[in-house]
Amino acid sequence: MTEEIAKVYSPDAIEPRWAREWIERQLYRPPSDAAPERFALVIPPPNITGSLHMGHMLEHTEIDILMRWHRMRGASVLWLPGTDHASIATQMIVEQELGREALPQLEGKPESKSAWRREGQRRRREMGHEKFLERCWEWKEQNGGTIRRQMERLGASVDWTRDRFTMDPAYSRAVAEVFARLYEEGLIYRGKYIVNWCPRCGTAVSDLEVIHEERPGHLWYIRYPFENGKGYLVVATTRPETMLGDTAVAVNPSDERYRASVGRKIVLPLLGRAIPVVADDFVDPKFGTGAVKVTPAHDPNDFEISERHNLPRIEVIDDEARMTAEAGPYQGLDRFEAREAVVQDLRERGQLEKIEDYALSVGTCQRCKTVVEPRLSTQWFMKMKQLAAPAIRVVEDGRIRIVPENYRKIYLDWMENIHDWCVSRQLWWGHRIPAWYCEACGQVIVARETPQSCPKCHTKDLRPDDDVLDTWFSSALWPFATLGWPEETEDLRRYYPNDLMIMGFDILFFWGARMIMMGMKFMKDVPFRELYIHALVRDAERQKMSKTKGNVLDPLEVTEKYGTDAVRFALAISAAPGTDIAFSNDKVESYRAFANKIWNAARFILMNLEKPPAAFREQLAEGLQPPAGLGLGAVAAPESLALADRWIFSRLATVTRELNEALETFRFHEAASTIYHFFWHELCDWYLEWLKPEITAIHSGELPPAARAAWTNLMRVFEASLHLLHPFMPFITEELWHRLPRVRHETSLSLAPFALVGERVADPVSEKQFQIVQELIVLARNAKAETGAQKEKPSAQVASEDLRILELLRAHQETIQRLAGLKALNFTRGRMTADPSVRVGSGFDLRLLHEQSVDPAAERARLQKEKEKLERQLAQSKKQLDDQNFVSRAPREVVRGAEHRFEELSAHLKKVLEALGKMS
RNA sequence: AGGCCCGUAGCUCAGCCUGGUUAGAGCGCUACCUUGACACGGUAGAGGUCAACGGUUCGAGUCCGUUCGGGCCUACCA
């Protein structure tokens with residue numbers, strides 16, 4: 001059996017097996033019998049076009065830790081998985097595929113992608129809605145499962161029986177229902193307004209999908225001559241090509257310089273159109289010349305001016321960003337070519353006054369980086385102010401807690417300044433807008449099911465709306481639509497509101513905010529009680545990971561290399577709320593070492609467990625089952641072992657409490673470092689070492705009581721540790737847990753209780769005592785190392801005035817000798833006479849009796865250094881105690897602590913000085 | 001134009017909310033150790049004017065203000 005346990009942990013040998021088993025057994029389907037508590041969370045649905053990146057990995061790690069933790073604490077846990085149809089991303093991929101099929105000869109050419117896209121768009125229109133959507137579904141079936149397979153491999157404890165997709169038939173019905181209700185209430189309207197138009201994607205996009213970036217540009221100052229009489233106005237513009245669509249020039253009504261011009265007519269350069277000068281408060285007299293050209297069809301502000309002054313709207317740029325017939329001689333030019341041409345022509349005609357450098361904020365399409373064109377277009381909009389009000393209220397009054405808290409302000413600020421949302425997209429893949437137009441009478445019909453005839457004129461000639469909804473429209477319904485809404489299902493009753501939502505900051509507005517609005521609107525309740533915003537995973541140099549930079553780490557690759565548990569742990573221990581994570585393979589490597597450490601601790605235990613008689617192992621298995629409702633404690637052992645037992649159980653109790661507290665507040669890094677430190681530097685470094693003789697000894701016949709106690713307590717501590725580690729490292733802990741001796745064969749550690757050790761075993765006195773023993777051991781090792789005697793096994797003397805300390809140390813003499821590497825140890829009551837080799841501990845002195853002579857120069861240097869340090873500390877301490885203000889005003893225990901410290905430092909320094917004195 | 005975050009050991013970060021022993025961790029570094037769990041290991045160690053200045057306080061890495069440096073977000077000024 002011992003041969004079965006490999007010397008080095010190899011995750012690839014066990015992870016896929018457990019991942020499969022967890023799914024096959026449907027372990028993470030919440031039990032239908034009502035547990036006293038439930039904990040529900042829906043996944044932020046990844047795109048079907050995507051594959052897992054480090055951000056998902058972090059998100060899923062954090063969620064999975066919490067889900068496993070809640071589950072082990074007895075809650076009925078639902079983590080509902082699913083994917084998002086990603087309207088624009090999917091359509092672009094499928095179009096590109098179509099183009100590639102049509103033009104295979106472009107393979108490898110630099111311009112192939114955009115050529116394929118254009119060809120793909122053409123072929124889409126050619127094949128029509130039905131055929132194209134078939135292709136999309138086909139693509140989804142073939143490629144949309146990537147994320148699911150990855151999540152399965154990584155062991156996410158989701159309920160796959162409830163897997164959802166935003167275009168499931170039931171889900172789509174919910175989308176239509178929401179659209180119809182909002183339309184009926186007047187919260188959705190259709191109209192011709194300025195929208196953000198991406199000429200490359202060929203669709204409108206929402207404000208959030210426009211990325212603003214500062215770019216160097218120019219301000220062109222153009223002379224606009226008056227129609228009658230001499231003179232001209234000078235207007236400044238960053239986009240000269242739009243002047244072709246100007247229908248006015250605006251000035252501020254209070255601007256003295258232009259008062260006489262208001263109401264006059266101006267001749268638009270190049271085109272010769274006569275346009276008025278209007279007065280409008282929007283104009284800032286201090287900017288540029290104080291006179292603004294007004295292009296209502298291509299600028300949102302100008303559009304509003306045109307509304308106030310009833311100005312015509314002339315479209316000069318089309319949906320592919322080419323100049324229209326309205327642009328006269330510039331027709332057919334691309335907008336940027338037109339800019340060159342217009343500037344050139346103005347210059348030639350002497351109508352260009354000057355050009356200034358000017359940094360301007362350019363809006364680009366989030367998806368394709370093309371400069372977005374503000375364009376007049378008929379679209380569907382959602383009125384947001386009214387919907388936002390309750391969503392603001394629930395965050396203000398704490399019904400939804402946003403963590404970390406600074407995101408609360410960001411959320412509220414955005415919500416309070418919200419604009420109407422353009423929800424229609426000129427795309428085909430997605431939820432078709434449930435609207436029809438009567439060809440006979442022009443009636444607009446919004447309906448949940450396809451209408452048969454026009455309700456107004458009863459003709460049957462109805463044309464469906466061509467467009468689909470913004471993907472985020474459907475995502476906003478995710479917390480309730482996934483649970484069956486609008487049907488009043490059992491799931492909906494049981495799991496709405498969700499308890500928690502975890503997402504990245506990048507989708508707080510896109511998704512978080514909208515979920516809250518829709519939840520309040522349609523469920524009359526919050527979608528979740530807490531919203532935790534996780535960090536961004538950056539590369540080792542703190543750069544954002546991006547495909548173009550080529551610094552993207554594939555979580556699956558990293559996982560294959562180091563194991564899922566190591567990657568999870570590396571992420572968790574780095575995940576301090578509000579701080580981005582600098583991720584590197586080095587980091588993962590060090591937590592692979594941790595996994596290996598766990599593995600080898602188990603290996604040591606299990607190998608040695610072969611030594612006691614089989615009957616004892618069976619007894620041990622019984623002891624591993626904690627009595628229901630009771631926390632485990634230590635069984636009685638001889639005094640030489642009992643201190644370590646009391647100490648480790650006490651630590652275990654503390655660690656359990658700290659873990660719970662940390663996870664309650666999303667402090668993953670604290671939780672992870674707590675358990676890391678406990679397992680490695682307390683359990684392995686001290687407890688296991690302490691027990692080693694009992695564990696490794698071979699006994700003939702009946703096991704002596706000391707060994708029985710040692711084994712029992714060790715197994716309890718080790719098992720309890722596996723429980724605590726499980727949410728962070730599910731695979732290795734599951735594997736090892738199953739290898740423990742046990743009488744019952746339970747399904748999975750993930751369904752076992754989290755905390756086996758109760759608060760009751762906390763024992764501060766034992767912890768303090770253990771620390772004294774530890775201190776002696778460390779001091780002795782230190783003394784050996786500093787005198788170059790690591791290889792020796794010297795004898796040592798310990799002296800203390802405190803009889804209890806002496807007794808304590810004497811009781812653990814053998815262990816101390818073994819762990820410190822000492823040949824013998826003798827004890828003296830009282831103080832040790834000053835001597836260069838005396839070391840001072842808290843409450844005791846230690847001297848090594850070296851076999852070989854020690855270099856006096858090195859000793860003196862060491863003492864000198866110690867002296868300086870002590871003097872420094874003492875001076876500081878004295879200064880504090882001399883301060884009457886401190887002594888009279890600080891709390892008594894603080895003053896007492898300071899006094900105690902002063903005494904210790906003084907005593908220590910005295911000894912060092914004496915020792916130095918003896919040397920000279 | 002507003003707003004947010006960060007600046008602590010060579011590197012990556014905790015600690016700051018709730019002020020009080022000697023400011024912690026991981027990686028890296030140095031010395032020693034292949035000891036029958038583990039070299040993905042063990043033992044010991046070096047390394048910090050907590051960005052700067054000022055304030056509050058008996059006491060500031062921690063609270064407040066200012067400055068400098070870095071990052072990010074929101075916004076309809078041509």
Side-chain angles (χ1 to χ4, degrees), chain A residues 5 7-9 194 207 212 219 235-239 242 250 282-284 286-295 299-304 358 360-361 374 404-407 409-410 413-414 417 419 505-506 508-509 536 540-542 544 562 566 570 573-574 576 578-584 586-587 589-608 667 669-670 673 676-677 684-685 688-689 692 695-696 778 781-786 788 790-791 820-821 869 873 876-877 880 883-891 893-895 897-898 900-901 904-905:
Chain A
I5 310 173
K7 196 171 171 182
V8 173
Y9 172 56
I194 296 277
D207 294 345
H212 294 274
L219 260 185
V235 301
T237 181
T238 54
R239 299 197 57 195
T242 62
F282 165 78
V283 182
D284 176 3
K286 290 191 286 293
F287 190 90
T289 61
V292 186
K293 57 191 274 311
V294 180
T295 323
D299 182 282
N301 293 311
D302 294 1
F303 178 83
E304 282 174 24
Y358 184 73
L360 70 157
S361 170
E405 211 179 325
N406 52 302
Y407 289 111
K409 268 186 280 179
I410 296 174
D413 188 60
W414 188 77
N417 297 299
H419 298 293
F505 173 69
D506 54 336
L508 176 60
F509 306 139
L536 216 61
E541 275 75 48
R542 298 192 49 75
K544 263 189 192 178
Y562 301 105
I573 206 163
S574 314
T579 311
D580 286 349
I581 294 172
F583 189 86
S584 64
D586 284 1
K587 229 173 214 177
E589 213 167 303
S590 64
Y591 298 106
R592 177 184 64 180
F594 181 45
N596 193 51
K597 187 74 185 177
I598 298 169
W599 182 259
N600 272 286
R603 180 168 181 262
F604 172 66
I605 292 170
L606 294 172
M607 273 166 49
N608 283 291
R667 306 177 71 82
H669 67 303
E670 266 182 22
S673 22
Y676 176 93
H677 183 264
C684 290
D685 288 354
L688 225 40
E689 292 300 333
K692 225 168 203 174
I695 299 305
T696 51
V778 170
R781 286 168 175 169
N782 177 304
K784 279 176 67 178
E786 277 188 358
Q790 288 106 322
K791 287 181 205 170
K869 191 181 169 193
Q873 290 174 339
Q876 222 175 353
S877 174
Q880 191 180 32
D883 186 344
Q884 273 315 301
N885 278 321
F886 171 71
V887 178
S888 58
R889 295 209 203 183
E893 67 268 20
V894 172
V895 177
H900 181 67
R901 175 167 149 75
E904 279 200 336
L905 288 170

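Computed from a predicted model, the values in this text were never measured in an experiment. Lettering follows sequence order; numbering is per chain, from 1.
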Engineer: Write down the distance between CG (A:D580) and C1' (B:G71), rounded to a whole number of angstrom.
Structural biologist: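 In whole Å, B:G71 C1' and A:D580 CG are 9 Å from each other.
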Engineer: Between A:Y9 and A:W599, what is the ring plane arrangement, given parallel below 30°, perpendicular above 60°, and tilted in between?
Structural biologist: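 If you compare the ring of A:Y9 with that of A:W599, the planes turn out tilted.
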Engineer: Considering only the P atoms, how many Å lie between B:C6 and B:A78, rounded to the nearest integer?
Structural biologist: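 Here B:C6 and B:A78 have their P atoms 32 Å from each other.
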Engineer: Choose from B:G20, B:C73, B:C4 the nucleotide whose nearest atom is closest to any side-chain atom of A:F886.
Structural biologist: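 Closest nucleotide to the A:F886 side chain: B:G20.
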Engineer: Under the criterion side chain to side chain contact (heavy atoms under 4.5 Å, CB included), I'd like the reasoning laid out for A:I194 against A:D299: C-alpha separation, chi angles, the key distance, then a yes or no.
Structural biologist: CA-CA 7 Å; A:I194 296 277; A:D299 182 282; 5.9 Å; no
Engineer: Say we look at B:U8 and B:C77: how far apart would their P atoms be, to the nearest angstrom?
Structural biologist: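 It works out to 35 Å between them.
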Engineer: What's the gap between B:C73 and B:C64 when it is taken at their P atoms, as a whole Å value?
Structural biologist: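 Comparing P positions in B:C73 and B:C64 gives a spacing of 26 Å.
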Engineer: Rounding to an integer number of angstrom, what distance separates B:G55 and B:C72 when you compare their P atoms?
Structural biologist: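 Per the computed distance, 35 Å lies between those P atoms.
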Engineer: Which part of the nucleic acid, if any, lies within reach of A:T579 when heavy atoms closer than 4.0 Å are counted: base, sugar-phosphate only, or nothing?
Structural biologist: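 Touches sugar-phosphate only.
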Engineer: When rounded to the nearest 0.5 angstrom, what distance separates NZ in A:K293 from CZ in A:R239?
Structural biologist: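 One finds 8.0 Å between NZ of A:K293 and CZ of A:R239.
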Engineer: Hey, is the side chain of A:K286 poking within less than 4.0 Å of OP1 or OP2 on B:C77, counting only N and O atoms?
Structural biologist: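 Indeed not, no polar side-chain atom of A:K286 lies that close.
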Engineer: With a non-hydrogen cut-off below 4.0 angstrom, is A:V778 in contact with a base, only sugar-phosphate, or nothing?
Structural biologist: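 Counting heavy atoms under 4.0 Å across all strands, the contact made by A:V778 is with sugar-phosphate only.
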Engineer: Taking only side-chain N and O atoms of A:Y358, does any of them lie within less than 4.0 angstrom of OP1 or OP2 on B:A78?
Structural biologist: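 For B:A78, OP1 or OP2 has a side-chain N or O of A:Y358 closer than 4.0 Å.
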Engineer: 5'-most contact on RNA chain B: A:F509 or A:T238, nearest heavy atom basis?
Structural biologist: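 The residue closer to the strand's 5' end, by nearest nucleotide, is A:F509.
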Engineer: Report the base-pairing partner of B:G2 (Watson-Crick or G-U wobble, both distances below 3.5 angstrom), or none.
Structural biologist: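 Here B:G2 is engaged in a pair, and the nucleotide opposite it is B:C73.
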Engineer: Using a cut-off of less than 4.0 Å, is there contact between a side-chain N or O of A:R667 and OP1 or OP2 of B:G15?
Structural biologist: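 Result: yes.
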Engineer: I need the A:I410 CD1 to A:E405 CD distance, nearest 0.5 Å.
Structural biologist: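 Between A:I410 CD1 and A:E405 CD, I get 12.0 Å after rounding to 0.5 Å.
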Engineer: For B:A44, which nucleotide in any strand shown is its Watson-Crick or wobble partner with both distances under 3.5 Å?
Structural biologist: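 With both distances under 3.5 Å, B:A44 matches B:U30.
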Engineer: Please work out if A:A890 contacts a base, only the sugar-phosphate, or nothing of the nucleic acid, heavy-atom cut-off 4.0 Å.
Structural biologist: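 Base, at least one base heavy atom under 4.0 Å.
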Engineer: For A:P891, answer base if it contacts any base atom (sugar-phosphate contacts may also be present), sugar-phosphate if it contacts only those atoms, and nothing otherwise; contact means non-hydrogen atoms under 4.0 Å.
Structural biologist: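 The residue A:P891 makes base contact.
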Engineer: Provide the Watson-Crick or G-U wobble partner of B:A39, both distances under 3.5 Å; none if there is no partner.
Structural biologist: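 Its partner is none (no Watson-Crick or G-U wobble pair with both distances under 3.5 Å).
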Engineer: Does A:K7 have a side-chain nitrogen or oxygen under 4.0 Å from the phosphate oxygens OP1 or OP2 of B:C38?
Structural biologist: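 For B:C38, OP1/OP2 do have a side-chain N/O of A:K7 under 4.0 Å.
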Engineer: Say you pick atom P in B:C32 and the same atom in B:C16; how far apart are they, in whole Å?
Structural biologist: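 After rounding to an integer number of Å, I get 40 Å for this pair.
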Engineer: Any side-chain heavy atom of A:D207 sitting closer than 4.5 Å to one from A:F509?
Structural biologist: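 They are not in contact (no side-chain heavy atoms under 4.5 Å apart), so the answer is no.
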Engineer: Starting from the 5' end of RNA chain B, give me the residue, A:T237 or A:N782, whose nearest nucleotide shows up first.
Structural biologist: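 Here A:N782 is the residue nearer the 5' end.
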Engineer: In whole angstrom, give the distance that lies between atom CG of A:D413 and atom P of B:C5.
Structural biologist: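 After rounding, the gap between these two atoms is 13 Å.
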Engineer: Can you tell me the Watson-Crick or wobble partner of B:G7, both distances under 3.5 angstrom?
Structural biologist: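 For B:G7, the partner nucleotide comes out as B:C68, under the 3.5 Å rule.
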Engineer: Does A:H900 have a side-chain nitrogen or oxygen under 4.0 Å from the phosphate oxygens OP1 or OP2 of B:U21?
Structural biologist: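 Indeed not, no polar side-chain atom of A:H900 lies that close.
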Engineer: Using a 4.0 Å heavy-atom cut-off across all strands, classify A:N406 as base, sugar-phosphate, or nothing.
Structural biologist: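 Answer is sugar-phosphate: A:N406 comes under 4.0 Å of backbone atoms only.
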Engineer: Just the rounded figure in Å: distance from C1' of B:C73 to NE2 of A:H212.
Structural biologist: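 About 12 Å, once rounded to whole Å.
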Engineer: Base, sugar-phosphate, or nothing: which does A:A785 touch, judged by heavy atoms less than 4.0 Å apart?
Structural biologist: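 The answer is sugar-phosphate, as A:A785 gets under 4.0 Å only of primed atoms, P, OP1 or OP2.
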Engineer: Show the numbers, then the answer: is there a side chain to side chain contact (heavy atoms under 4.5 Å, CB included) between A:L536 and A:I581?
Structural biologist: CA-CA 6 Å; A:L536 216 61; A:I581 294 172; over 6 Å; no
Engineer: Rounded to whole angstroms, how far apart are NE2 on A:H677 and C1' on B:G15?
Structural biologist: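 Rounded to the whole Å, the gap is 15 Å.
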Engineer: Could you please name the partner base of B:U18, counting Watson-Crick and G-U wobble pairs only when both distances are under 3.5 Å?
Structural biologist: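 When the pairing criteria are applied, nothing turns out to pair with B:U18, so the answer is none.
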Engineer: Does any nucleotide pair with B:U12 by Watson-Crick or G-U wobble geometry, both distances under 3.5 Å, and what is it?
Structural biologist: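 Looking at the geometry, B:U12 pairs with B:A25.
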Engineer: How many whole angstroms separate atom CD of A:E589 from atom P of B:U12?
Structural biologist: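 In whole Å, B:U12 P lies 18 Å from A:E589 CD.
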Engineer: Are any of A:K791's side-chain N or O atoms less than 4.0 Å away from OP1 or OP2 of B:C33?
Structural biologist: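 Yes, because at least one side-chain N or O of A:K791 sits under 4.0 Å from OP1 or OP2 of B:C33.
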Engineer: Could you tell me how far apart A:F303 (CZ) and B:C77 (P) are, to the nearest whole angstrom?
Structural biologist: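 Taking atom P of B:C77 as the reference, CZ of A:F303 is at 18 Å.
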Engineer: Pick the C1' atom in B:A37 and in B:A31, then give their distance to the nearest Å.
Structural biologist: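 Looking at atom C1' only, B:A37 and B:A31 are 25 Å apart.
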Engineer: Could you tell me the separation between the CD atom of A:Q876 and the C1' atom of B:A60, rounded to a whole number of Å?
Structural biologist: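 Between C1' of B:A60 and CD of A:Q876: 13 Å.
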Engineer: If you check the A:N596 side chain, which of B:G26, B:G20, B:C38 turns out closest?
Structural biologist: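 For the A:N596 side chain, the nearest candidate turns out to be B:C38.
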Engineer: Between B:C38, B:G26, B:U74, which one does the side chain of A:W414 approach most closely?
Structural biologist: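 Output: B:U74.
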Engineer: With sugar-phosphate meaning primed atoms plus P, OP1 and OP2, does A:D302 contact a base, only sugar-phosphate, or nothing at under 4.0 Å between heavy atoms?
Structural biologist: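 Answer is nothing: A:D302 stays at 4.0 Å or more from every strand.
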Engineer: Does the side chain of A:R781 get closer than 4.0 angstrom to OP1 or OP2 of B:A44 through an N or O atom?
Structural biologist: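 Yes, because at least one side-chain N or O of A:R781 sits under 4.0 Å from OP1 or OP2 of B:A44.
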Engineer: Roughly how far, to the nearest 0.5 Å, is CG of A:N885 from CD of A:Q880?
Structural biologist: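 Answer for the CD-CG pair, A:Q880 versus A:N885, is 12.0 Å.
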Engineer: Rounding to an integer number of angstrom, what distance separates B:G36 and B:C27 when you compare their C1' atoms?
Structural biologist: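 To the nearest whole Å, 30 Å.
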Engineer: Would you mind telling me which of B:C13, B:C76, B:C73 lies closest to the side-chain atoms of A:F505?
Structural biologist: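 Output: B:C73.
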Engineer: Of all the nucleotides listed (B:C76, B:A37, B:C40), which has the minimum atom distance to the side chain of A:R603?
Structural biologist: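 Ranking B:C76, B:A37, B:C40 by closest atom to the A:R603 side chain puts B:A37 first.
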Engineer: Can you check the A:N608 CG to B:G36 C1' distance for me, whole Å?
Structural biologist: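 Those two atoms, CG and C1', are 9 Å apart.
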Engineer: Hey, would you say the A:Y591 and A:Y562 ring centroids sit under 6.0 Å apart?
Structural biologist: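 Between A:Y591 and A:Y562, the centre distance exceeds or equals 6.0 Å.
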Engineer: Any non-hydrogen side-chain atom of A:T696 less than 4.5 Å from a side-chain atom of A:F604?
Structural biologist: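 Contact flag for A:T696/A:F604 side chains = yes.
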Engineer: Tell me if the side-chain of A:E689 makes a donor-acceptor pair with the base of B:A37, cut-off 3.5 Å, by modelled atom types.
Structural biologist: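 Yes.
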Engineer: The side chain of A:N301 lies closest to which of these nucleotides: B:G41, B:A37, B:C76?
Structural biologist: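 Closest nucleotide among those given: B:C76.
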